[in-house]
Number of protein chains: 2
Amino acid sequence: MGRRHGPSLSVGDVVAAAVRVVETEGPDALGISRVAAELKIKPASMYNHVASGEALARLVALEANRQFLTALQARLEGVTAPRDQLIAIAYQVRDWANENDSLYVHMARVEPDHADLDAAEILSGILAALSAPLGALGVAEGDRVHAMRTLRSALHGFVLLETSGQFQLGVNTGDSFEWLVDRLIAGVTGEQSSQNAPA
Amino acid sequence: MGRRHGPSLSVGDVVAAAVRVVETEGPDALGISRVAAELKIKPASMYNHVASGEALARLVALEANRQFLTALQARLEGVTAPRDQLIAIAYQVRDWANENDSLYVHMARVEPDHADLDAAEILSGILAALSAPLGALGVAEGDRVHAMRTLRSALHGFVLLETSGQFQLGVNTGDSFEWLVDRLIAGVTGEQSSQNAPA
DNA sequence: CCCATCAAACTAATACTATTAGTTTATCCG
DNA sequence: CGGATAAACTAATAGTATTAGTTTGATGGG
């Protein structure tokens, strides 16, 4: 055949199709062939847009991170109290992961490329959102990185365990998350938990 | 050809070979063909031992969980103080994940089969190890599940982020983990952090 | 002790996947 | 308007999982 009529596909179109595939068929369905089918082109033509299947996976992870950051910033709009900001971040992580569970799982699987400046910029944005309220709450400079890592770890771990069904049934996970957020903020900022102040 | 001389392969041999493949070539290398090569048999012969590639992945995850639980119980041997038990569990999770990072990543990828009684038993063992010290530290019955989920989340999230290189360089991750464990135990048990008692 | 059965290997075939090389052709720019 | 480029194609290679059917070593009953 040869080149088709009309506007050609851009990398953005390819990534959008790939995101669609992940969302509708799960993270394992992502691949050159499946995305090519989604775009109604032959698999070999995918290489006009991406270097490899791995590169495609990386682009999807990057796009997912971008969407996550945008949603996070929107959610923080107008939230000024630092403690409220931390709570908003926590719930945004969980809500976003639950609404986009295939994308979230995919993000978690892709190892970040530290040479990718776009990826680094997005990660910086996420970390900045976390850093600000911690500073405002008086977490010392030297503890800041530890506190951020602790928060990221707990939130990331929770949503992964939750979305992959690793919490046994019987107790509502929403209640557990509320509990986690409360204790985590208490532990990280050094303040008292609102639910369990010692006598 | 036909059946070979000498003792035949057992499922245990197959799983052991699969574990070896994961350890030496990473979680993505696990598959019917690669494990068949490791055992010096043809891929089709693998189906005499496992039902599918997915079943093989599940068996490897189960074996990894088994090994993890065994190591955890060994580490807890002789540790009687509940707070020390929690600390031992935390460091065991991190140490085991760092020493067996491919296996750990594989475990995290496989969705648990709630119908598998062996898997359920191992998970129970792990949860029991976590539950005991929390009870001894006075975490109320109704908070127990929340506390266990919080601890699992934070530990799981930390080691996943650490092993996949998602913490940016510059600050030692060991220091962060120490900080996390301290604050987490404080937050979960309602006691004061040893590092940041309010004035 | 031999023979029938069974388990575990095999071969062969199908159907995916990713990838590379070479070809065609529409679009774009000078 | 023509040549270069970009984006599609076809074709081929190699790897993956899987099923069906075949061969054969090991094993237990008569």
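Naming: A, B, ... by sequence-line order, numbering from 1 per chain.
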Practice item. Can you sort out which residues in residues 52-62 of chain A have a heavy atom within less than 4.0 Å of DNA chain D? Ascending by number, please. Key: none

Check your understanding: With a 3.5 Å cut-off and no angle check, do the side chains of A/N48 and A/S45 form a donor-acceptor pair?
Key -> no

**Study point:** Closest to the B/S45 side chain, choosing from C/dA9, C/dT11, D/dT10
**Key:** C/dA9

Revision key, fill the gap. From the list A/Y104, A/F177, A/W179, A/Y91, ring-ring contact (aromatic ring centres under 6.0 Å, His included) partner of A/F158 resolves to A/F177

Check your understanding: So, for A/R109 and A/P27, which heavy atoms are closest and what is the spacing to 0.1 Å?
Key -> NH1-CB, 4.0 Å

Practice item. Mark yes or no for whether A/N172, through its side chain, and A/D175, through its backbone, hold a donor-acceptor pair below 3.5 Å. Key: yes

Check your understanding: Around atom CD of A/E25, are there more than 12 heavy atoms of other residues, nucleotides or ligands at under 6.0 Å?
Key -> yes

Exercise for review: Could you check how far CG of B/L9 sits from P of D/dA26, rounded to whole Å?
Suggested key: 13 Å

Practice item. Using whole Å, report how far CD1 of A/I32 lies from C1' of D/dG15. Key: 15 Å

Check your understanding: Atom CG of B/D28 to atom C1' of C/dA18: distance rounded to whole Å?
Key -> 14 Å

Review point. What's the closest nucleotide to the A/H49 side chain, out of D/dA7, C/dA8, C/dA26?
Key: D/dA7

**Study point:** Atom-to-atom span, CD1 of A/I41 to P of C/dA18 - whole angstrom
**Key:** 13 Å

Check your understanding: If you check the B/A44 side chain, which of C/dT11, C/dA9, D/dA8 turns out closest?
Key -> C/dT11

**Study point:** Which atom of B/R94 lies closest to which atom of B/V159, heavy atoms considered
**Key:** CA-CG1, 3.6 Å

Check your understanding: Should B/E54 and B/S52 be marked as a side chain to side chain donor-acceptor pair (under 3.5 Å) after you check the CA-CA gap, both sets of side-chain angles, and the distance that decides it?
Key -> CA-CA 5 Å; B/E54 194 189 325; B/S52 67; 5.5 Å; no

Study note, to complete from the structure: Between NZ of B/K40 and P of C/dC10 the distance, given in whole Å, is 12 Å

Study note, to complete from the structure: To the nearest angstrom, the NZ-P distance between B/K42 and C/dA12 comes to 11 Å

Practice item. Would you mind reading off the distance between B/M46 atom CE and D/dT19 atom C1', rounded to a whole angstrom? Key: 16 Å

Practice item. Using atom OH of B/Y47 as one end and atom P of D/dG21 as the other, report the distance to the nearest whole Å. Key: 17 Å

Check your understanding: Between B/S8 and A/P43, which has a closest nucleotide on DNA chain D that is more 5'?
Key -> A/P43

Exercise for review: Measure from the side chain of A/S33, starting at C-beta and using heavy atoms only, and say which of C/dT17, C/dT11, D/dA17 lies closest.
Suggested key: C/dT17

Exercise for review: Kindly point out which of C/dA18, C/dT11, D/dA8 is positioned nearest to the side chain of A/N48?
Suggested key: D/dA8

